[in-house]
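Beneath this line is the structure, given in structure tokens, with notes to follow.
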Amino acid sequence: MTLLPGSTIGMLGGGQLGRMFTVAARTLGYRVIVLEPDPHSPAAQLADEHMIAAYDDEHALRSFGGKCDVVTTEFENIPARTLEFLTQFCPVRPAAKAVEVAQDRIVEKEFVRTCGLSPVPFAAIRELADIHTATIQYPAILKTARLGYDGKGQITVHSAQEAQDAFLQLGQVDCVLEQRVALEREISVILARSVAGEVRCFPVAENEHRKGILHQTIVPARISPALVQAAQQAATQIAQCLAFVGVMAVEFFVTTTGELLVNEMAPRTHNSGHYTLDACITSQFEQQVRMVCELPFGDTHLLSPVVMVNLLGDVWHGSQPDWLSLLQNPNTKLHLYGKREARVGRKMGHYCTLADNVADAIQQAAQIFQALEQDTPL
Ligand code: ADP
Ligand code: MG
């Protein structure tokens with residue numbers, strides 16, 4: 001059943017993805033209730049209501065579920081049991097099963113294979129002995145199976161001995177040992193899937209990481225039309241296999257030998273989709289509103305070449321950056337998430353620089369970033 005404006009959407013999680021969703025939902029006339037334990041979260045600042053509670057607080061979930069017409073999420077580590085529990089009150093989109101797959105790298109990579117796609121060569125490591133039976137080429141990366149993000153919980157290793165040390169260092173939790181592949185490029189596909197099972201992809205994004213964290217996204221990606229199609233098709237296949245409802249992302253590696261490998265997926269809107277806010281007819285956040293409320297798709301057309309650059313706490317240098325200097329570029333849109341404290345590696349905001357062609361967008365965005373990094377006026 002379509003939920004019209006005026007209905008109430010419950011958002012599990014209060015981070016920046018929830019914040020940008022909240023703006024999109026309220027723009028369309030919906031009410032938003034955020035459930036998030038942190039009293040000072042980016043999303044709650046802008047929501048109609050904030051329930052401060054843990055994600056497994058049954059009493060709070062009952063009250064939350066009772067007030068919402070539909071529940072969605074911005075955080076992939078919401079316990080599956082929480083999503084399941086809420087289904088007694090209202091639809092939950094995406095469903096627990098679809099979210100759960102992305103919570104464990106071992107499950108996720110095995111799932112990718114069952115979809116007929118290729119993950120990066122990996123071995124599941126549950127105990128020390130698994131390292132020695134793994135047929136992985138070194139160098140490799142040992143990653144915790146659960147709760148890793150922005151390169152956290154990952155250690156590069158050059159031998160089985162180093163992998164063993166790394167496994168101990170990570171506390172002997174379940175891990176994947178993944179071959180480190182030579183990357184030509186990283187790309188991602190953000191897509192939306194409706195309750196009826198239809199899929200719409202956003203334009204493919206090209207992503208550059210620094211220290212394991214997304215630095216910038218370039219759109220359109222500088223890849224062949226055939227690769228665009230292959231990536232969108234692979235992402236669509238994953239969404240179909242998951243029977244996913246809402247907006248999700250798939251990250252890919254393009255290897256130097258031209259292979260397309262699935263890196264990981266996110267059962268939610270994605271940092272590499274922030275460019276859609278300023279450069280597409282419909283943003284990924286509006287599309288999520290549309291999907292969870294059973295509204296029609298918004299058009300996903302790219303209106304202009306764009307580069308999105310993340311603003312980490314690293315560029316704060318004690319006080320906030322020189323925004324006036326950044327805003328002197330009239331084709332640049334600044335987004336800040338309202339986080340109180342800037343820390344190294346913490347995502348504080350982003351900007352999108354639009355230009356007539358990708359090369360100009362890259363150059364202008366880089367110039368702005370350099371000034372921020374060096375704390376000098378443009
Ligand atoms: P996270 O959950 O932190 O995003 P990822 O597995 O996506 O973890 O790793 C973060 C980044 O580290 C990737 O986007 C890529 O740049 C690099 N990376 C991760 N795994 C590999 C690999 N197997 N080979 C080469 N680079 C990798
Ligand atoms: Mg990643």
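Everything quoted here is computed from the prediction, not taken from an experiment. For the single chain, residues carry numbers from 1 onward in sequence order. Order of appearance sets the numbers: ligands from 1, and atoms from 1 within every ligand.
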Open item on the list: List ligand 1 atoms under 4.0 Å from Asn263, heavy atoms only on the residue side.
Closed with: 5 (P), 6 (O), 7 (O)
- [ ] Could you pull out the atom name of the N/O/S atom in Glu251 that is nearest the Mg ion (ligand 2)?
- [x] OE1
Task: Pair His209-Glu186, side-chain donor/acceptor within less than 3.5 Å - done: yes
Task: Closest to atom 16 (O) of ligand 1 among Gln179, Arg180, Glu186, Lys152 (heavy-atom distance) - done: Glu186
Open item on the list: Are any of the N/O atoms on Val181, whether in the backbone or the side chain, positioned under 3.5 angstrom from an N/O atom of ligand 1?
Closed with: yes
TODO: For atom 22 (C) of ligand 1, state which one of Leu177, Ile213, Ile141 supplies the nearest heavy atom.
DONE: Ile141
- [ ] For Asp150, counting its heavy atoms only, list the atoms of ligand 1 lying under 4.0 Å from any of them.
- [x] 1 (P), 3 (O)
TODO: Consider only side-chain N and O atoms of Gln364 and Asp360, and report whether a donor and an acceptor are under 3.5 Å apart.
DONE: no
Open item on the list: Side chains of Glu251 and His270: any donor to acceptor distance under 3.5 Å?
Closed with: yes
Task: Shortest-distance N/O/S atom, Glu264 versus the Mg ion (ligand 2) - done: OE2
Open item on the list: Quick check on contacts: which atoms of ligand 1 are under 4.0 angstrom from a heavy atom of Glu251?
Closed with: 7 (O)
Task: Leu183, Val176, Asn271, Thr144: member with heavy atom nearest to atom 26 (N) of ligand 1 - done: Leu183
Open item on the list: Assess whether a salt bridge exists between Glu76 and Arg268, defined as any Lys/Arg side-chain N lying under 4.0 Å from an Asp/Glu carboxylate O.
Closed with: yes
TODO: Examine Phe253 against ligand 1 and note whether any of their N/O atoms are separated by less than 3.5 Å.
DONE: no
- [ ] Would you check if Val120 and Phe253 make a side-chain contact, meaning some heavy-atom pair closer than 4.5 Å?
- [x] yes
Open item on the list: When you compare the side chains of Ser188 and Ser272, does any donor N or O come within less than 3.5 Å of an acceptor on the partner?
Closed with: yes
Task: Single-linkage hydrophobic cluster Val70~Tyr30, side-chain heavy atoms < 4.5 angstrom - done: yes
- [ ] Pick, from Glu178, Arg105, Lys143, the option with the minimum heavy-atom distance to atom 2 (O) of ligand 1.
- [x] Arg105
Open item on the list: Tell me whether Arg200 forms a cation-pi arrangement with Phe297, defined as NZ or CZ under 6.0 Å from the six-membered ring centre and within 45 degrees of its axis.
Closed with: yes
Open item on the list: As a check for students: among Gln154, His215, Glu264, Met265, identify the option with a heavy atom nearest to atom 9 (O) of ligand 1.
Closed with: Gln154
Open item on the list: Quick check on contacts: which atoms of ligand 1 are under 4.0 angstrom from a heavy atom of Gly148?
Closed with: 2 (O)
Task: Ring centroid separation His274 to Tyr351 under 6.0 Å - done: no
